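Presented below is the structure to which this report refers.
Values below: every heavy atom of this structure, side chains too, minus hydrogens, waters and symmetry copies. Everything numeric here is computed off the predicted structure, so don't read it as measured data.
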Amino acid sequence: MPNGLDGTMEMLPSAHMAEGDQKTVGLSLLFHPGDRPDADAVERVIATARENGLFANVTLRPQGDATWLEILASGLTFDLLGLEPGESTCVREPIQRFGFEEDLALDALEAIELIPSGHIIAGAGLQPVVRVMMGLAANIALGLPTARAVAWGPANTLMEPGYFCRMVLNWLGGGAFPALGLTALLPAQDGSLASRGLAHFTGHEMQLEGRADELRADTAKLAVRVIDHFVRNGAVTQPQRIDAGTQVLIAEPSQVGKLVFVWREATG
């Protein structure tokens, strides 16, 4: 059942966390068997989205029963894999789920996967690439109402499609980075929260100090604010102060590994 911040964040058993070590830069849409789209259906979705202002079109389609497409969006190319009548792409067990009102069993679901094409995959975490990819994915998800979930590889998270589209389109429109979905927040026994997937955007993860007198939801809200700051301002290479409204935080990169520690600045 959902729990955590605003009822949208659901922690999964810790036994699943090791599975997240196998990272991918792809974003997947999950469907019940028989609902996975074919190339024709995706081309129709892209055409409709283009009429509504999306700068995208299909630039390469194999002959015959095309099980993948190349899509050009805002000057960048992406591959969409796993289309009918081909085989589904991999469905992974996530470490966190967001936005679901009830449990969603994954064992019978099938997936299509959107990935940056080979010539831009090295820059998959760059802001222009991620923003175009997320906008394209949101438009495809909106055009395929039978999609049951959206899976984001770098954070190994799973999102309800409506939740994903709202969060992403709000971000693309100038809102906060969708930290609860494009990253995961994993709690430690000491009350701290560690990010999972932030490194895809900044090159490092984050660990935020917790407080014994602070609700977990409040710590998560602060972590979301810090993640948004890092994504907007880039990698932390030296200690810095972060204005977090009612308090000031100190962010300091670890001397070992790609991790930034964040704690509260002591007051008077």
Using only atom types and a distance under 3.5 Å, with no angle test, would you say the side chain of [X] pairs donor to acceptor with the backbone of [Y]?
X	Y	result
Asn139	Gly135	yes
Arg264	Glu209	yes
Glu113	Cys90	no
Arg148	Thr146	yes
Thr89	Ala111	yes
Trp152	Leu182	yes

Pairwise side-chain contact, [X] with [Y], heavy-atom cut-off 4.5 Å (strictly under):
X	Y	value
Arg92	Asn156	yes
Glu70	Val58	no
Glu84	Asp35	no
Thr202	Ile227	no
Trp68	Leu80	no
Gln207	Val262	no
Phe177	Phe230	no
Ser88	Leu109	no

Hey, could you give me the [atom1]/[atom2] distance between [X] and [Y], rounded to the nearest 0.5 Å?
X	Y	atom1	atom2	value
Arg196	His200	CZ	NE2	13.0 Å
Leu186	Leu193	CG	CG	8.5 Å
Ser192	Met206	OG	CE	9.0 Å
Leu30	Met159	CG	CE	11.0 Å
Leu158	Phe98	CG	CZ	10.0 Å
Leu185	Lys221	CG	NZ	13.5 Å

Subject >> Pair Phe100 + Tyr163: ring centers closer than 6.0 Å >> reply: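 Not close enough - the centres of the two rings lie 6.0 Å or further apart.
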Does either side chain, that of [X] or that of [Y], offer a donor lying less than 3.5 Å from an acceptor on the other one?
X	Y	value
Glu205	Ser195	yes
Gln240	His229	yes
Gln96	Thr157	no

Locate the shortest heavy-atom distance separating [X] from [Y]; write the atom from each residue and the value.
X	Y	answer
Ala141	Cys165	CB-SG, 3.9 Å
Ala73	Val132	O-CG1, 3.3 Å
Pro161	Val150	CA-CG2, 4.0 Å
Thr183	Gly197	CG2-C, 3.9 Å
Val45	Gly143	CG2-O, 3.4 Å
Thr59	Leu72	CG2-CB, 3.4 Å

Under 4.5 Å between side-chain heavy atoms, hopping through other hydrophobics if needed: is there a path connecting [X] to [Y]?
X	Y	answer
Ile115	Val91	no
Val260	Phe201	yes
Trp263	Val248	no
Leu27	Ile120	yes
Ile46	Phe55	no

**OP:** Show your working on side-chain contact (heavy atoms from CB on, under 4.5 Å) between His119 and Thr77 and close with a plain yes or no.
**Re:** CA-CA 8 Å; His119 68 289; Thr77 54; 2.4 Å; yes
Subject >> side-chain contact (heavy atoms from CB on, under 4.5 Å) assessment of Phe31 paired with Leu144 >> reply: CA-CA 10 Å; Phe31 302 84; Leu144 296 173; 4.0 Å; yes
Original post:
Has Asp65 got more than 12 heavy atoms of other residues, nucleotides or ligands less than 6.0 Å from its CG?
Top reply: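 Open.
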Could you tell me whether [X] and [Y] make a salt bridge, using a distance below 4.0 angstrom between a side-chain N and a carboxylate O?
X	Y	result
Asp243	Arg225	no
Glu265	Arg241	yes
Glu43	Arg50	no
Arg44	Asp40	no

Subject >> Residue from Leu81, Leu83, Leu60 passing side-chain contact (heavy atoms from CB on, under 4.5 Å) with Leu69 >> reply: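 That would be Leu83; it is the only one of Leu81, Leu83, Leu60 passing the side-chain contact (heavy atoms from CB on, under 4.5 Å) with Leu69.
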Subject >> side-chain contact (heavy atoms from CB on, under 4.5 Å) against Gln127, all qualifying residues, sequence neighbours excluded >> reply: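 With neighbours one apart ignored, the set is Arg131, Trp171, Val231.
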Original post:
Do Ile112 and Arg36 pass the side-chain contact (heavy atoms from CB on, under 4.5 Å) test, and can you show the C-alpha distance, the side-chain angles, and the key distance before you say yes or no?
Top reply: CA-CA 7 Å; Ile112 61 175; Arg36 189 161 42 100; 3.6 Å; yes
Original post:
Taking it one step at a time, do Leu249 and Val226 satisfy side-chain contact (heavy atoms from CB on, under 4.5 Å)?
Top reply: CA-CA 9 Å; Leu249 306 175; Val226 172; 3.3 Å; yes
